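Inspection log for the structure reproduced underneath, given as structure tokens.
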Amino acid sequence: MKKRIGILTSGGDCPGLNCVIRAAVSHATLTYNWEVVGIPYATQGLLERQTVPLNMHGWDLRGIDPLLNMGGTILGSINKGDTLASASEILASYEALGLDALIAVGGDGSLKIIHELATLGNWNLVGIPKTIDHDVALTERSIGFDTAVNTIVDAINRLTFTAASHDRVMIVEVMGRTAGHLALHAGIAGGADVILIPELAYSIKGLFDHLTQLRDRWRRKFAIIVVAEGASSCLEDIENAASCTVAKCGRGQYIADQIASCSNNQIDTRVSVLGHIQRGGIPSALDRLTATVYGKTAVDLIAQEKYDQMLAWQNGQVIPIPINQVLDQSPSLVNTHSYLIETAQALGIYVGKVTGDR
């Protein structure tokens, strides 16, 4: 039976979303002869009952398909507002639009909201994980993470030359919310000297001692510090109950101020907050591949009528997992005893103290 499939992208944008759309539309059209419509701006589009017709060559430019290397999402996205306040109107839209199934590409927060709607409205839902924070549980790959790591590493590479030229400590503040995956992966790959993440408590004294050792023992006059935006477990602040002072500035600037205080302003620091630069750009080859496989597999799940599932990459293959299981274990944080933490420590990178002592 011919189906009418809806697809939407929700939450913060990231590279690779258009690759999902491209693969899902191509497979649904070529293999199953189904109709696919895009829902612009996620639940807002559902609320307003808007659709965008999608077909294999609707976005071609003289036969060239731009979606593989186009960042962001052609469908638009939202990550604000009280969606559940308009739940009844949104629920009615699924039937009004004549949808047989819905593919939702989102992070843990977006998938939670859409899953609640799908449960209330008895929708046929398939979820696909995307997040530069890499905090969706039970999957080894989320769309956008690899590209974001590459973007940060590129920034670290550029800043390293400037740091070395001017004998400075460069502090790079990255995204991640409460998870330190971005900072940890990019810090190791970029050759950082210090990596601060939310999952590990760190000491300003320990950090300063590490910088001093680099200078006195190894004759290094510069350093690179990668700090996650949520790295708030400073041992001195915890002991002095002064954590609230951090809210007045970004985490990177806070670290810079503390280094200046410890060194009597003898260490020259600069802070770079990468911000939304991490979300943009052309998707990496790995993100393109991951997104393409996810898009194709989501269509196959609909053909098999396996719903209320999120696709996950595990052990080299894509498998469906009940969305409830994913949401129950999200957000997925850095395992402080993981091989990546051990690798960082073995390379002489200061990452705080796994044991919590100073």
Side-chain angles (χ1 to χ4, degrees), residues 1-11 13 16-60 65 67-68 70 72-78 83 89-107 110-111 113-130 143 288 290-312 318-323 326:
M1 182 179 296
K2 187 169 183 176
K3 295 182 182 292
R4 179 177 166 91
I5 308 304
I7 184 168
L8 60 81
T9 52
S10 187
D13 74 299
L17 295 176
N18 291 322
C19 299
V20 178
I21 298 168
R22 174 182 180 271
V25 172
S26 297
H27 188 42
T29 303
L30 286 174
T31 306
Y32 297 104
N33 193 31
W34 293 345
E35 179 186 5
V36 183
V37 295
I39 311 296
Y41 303 104
T43 50
Q44 186 65 32
L46 282 173
L47 179 62
E48 298 174 0
R49 299 186 181 181
Q50 297 184 26
T51 61
V52 177
L54 300 173
N55 60 74
M56 283 181 56
H57 302 291
W59 44 76
D60 283 3
D65 179 357
L67 292 194
L68 273 177
M70 183 186 295
T73 165
I74 61 171
L75 294 177
S77 187
I78 57 171
T83 299
E89 294 92 334
I90 295 174
L91 292 175
S93 295
Y94 180 89
E95 294 292 338
L97 293 175
L99 300 180
D100 296 298
L102 178 67
I103 299 173
V105 191
S110 300
L111 289 177
I113 292 173
I114 295 173
H115 179 251
E116 289 182 26
L117 291 170
T119 301
L120 290 171
N122 197 30
W123 297 354
N124 295 326
L125 176 67
V126 175
I128 294 178
K130 68 91 209 160
I143 299 166
R288 296 185 197 193
T290 302
T292 299
V293 174
Y294 277 155
K296 182 266 182 187
T297 308
V299 172
D300 287 335
L301 277 190
I302 293 173
Q304 299 163 22
E305 298 190 347
K306 294 182 178 179
Y307 302 118
D308 202 35
Q309 307 285 310
M310 187 199 81
L311 296 176
V318 175
I319 62 171
I321 297 179
I323 295 180
V326 177

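If you're wondering where the values come from, they're calculated on a predicted model, not measured in any experiment.
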Looking at every non-hydrogen atom in both residues, tell me the closest pair between [X] and [Y] and how far apart they are.
X: Ala291; Y: Val20; result: CB-CG2, 3.5 Å
X: Ile114; Y: Ser10; result: CD1-CB, 4.1 Å
X: Ala24; Y: Ile103; result: CB-CD1, 4.3 Å
X: Leu311; Y: Ala298; result: CD1-N, 3.5 Å
X: Gly72; Y: Asn18; result: O-ND2, 3.4 Å
X: Lys306; Y: Val126; result: O-CG2, 4.0 Å

Any donor-acceptor N/O pair, [X] side chain to [Y] backbone, under 3.5 Å:
X: Thr9; Y: Gly106; result: no
X: Arg4; Y: Leu97; result: yes
X: Asp100; Y: Ile5; result: no

Would you compute the distance between atom [atom1] of [X] and atom [atom2] of [Y] and round it to the nearest 0.5 angstrom?
X: Thr83; Y: Glu116; atom1: OG1; atom2: CD; answer: 10.0 Å
X: Leu75; Y: Ile21; atom1: CG; atom2: CD1; answer: 4.0 Å
X: Ile78; Y: Asp13; atom1: CD1; atom2: CG; answer: 13.0 Å
X: Thr297; Y: Gln304; atom1: OG1; atom2: CD; answer: 9.5 Å
X: Tyr32; Y: Lys2; atom1: OH; atom2: NZ; answer: 15.0 Å
X: His115; Y: Asp308; atom1: NE2; atom2: CG; answer: 3.5 Å

From the options Leu117, Asn124, Ile7, Leu8, select the one residue that forms a side-chain contact (heavy atoms from CB on, under 4.5 Å) with Leu102. Leu8
Candidates Leu301, Thr290, Val293, Asp300 - the one meeting side-chain contact (heavy atoms from CB on, under 4.5 Å) with Val318: Val293
For side chain to side chain contact (heavy atoms under 4.5 Å, CB included), just list the numbers for Ile143 and Ile128, CA-CA rounded to whole Å, side-chain angles, deciding distance to a tenth of an Å, and then say yes or no. CA-CA 9 Å; Ile143 299 166; Ile128 294 178; 3.7 Å; yes
Donor-acceptor side-chain pairing of Tyr307 and Asn122 below 3.5 angstrom: no
Is there side-chain contact between Pro322 and Gln309, with at least one heavy-atom pair below 4.5 Å? yes
Can you tell if the side chain of Trp34 reaches within under 4.5 Å of the side chain of Val299, non-hydrogen atoms only? yes
Ring geometry between Tyr94 and Trp123 (parallel below 30°, tilted from 30 to 60°, perpendicular above 60°): parallel
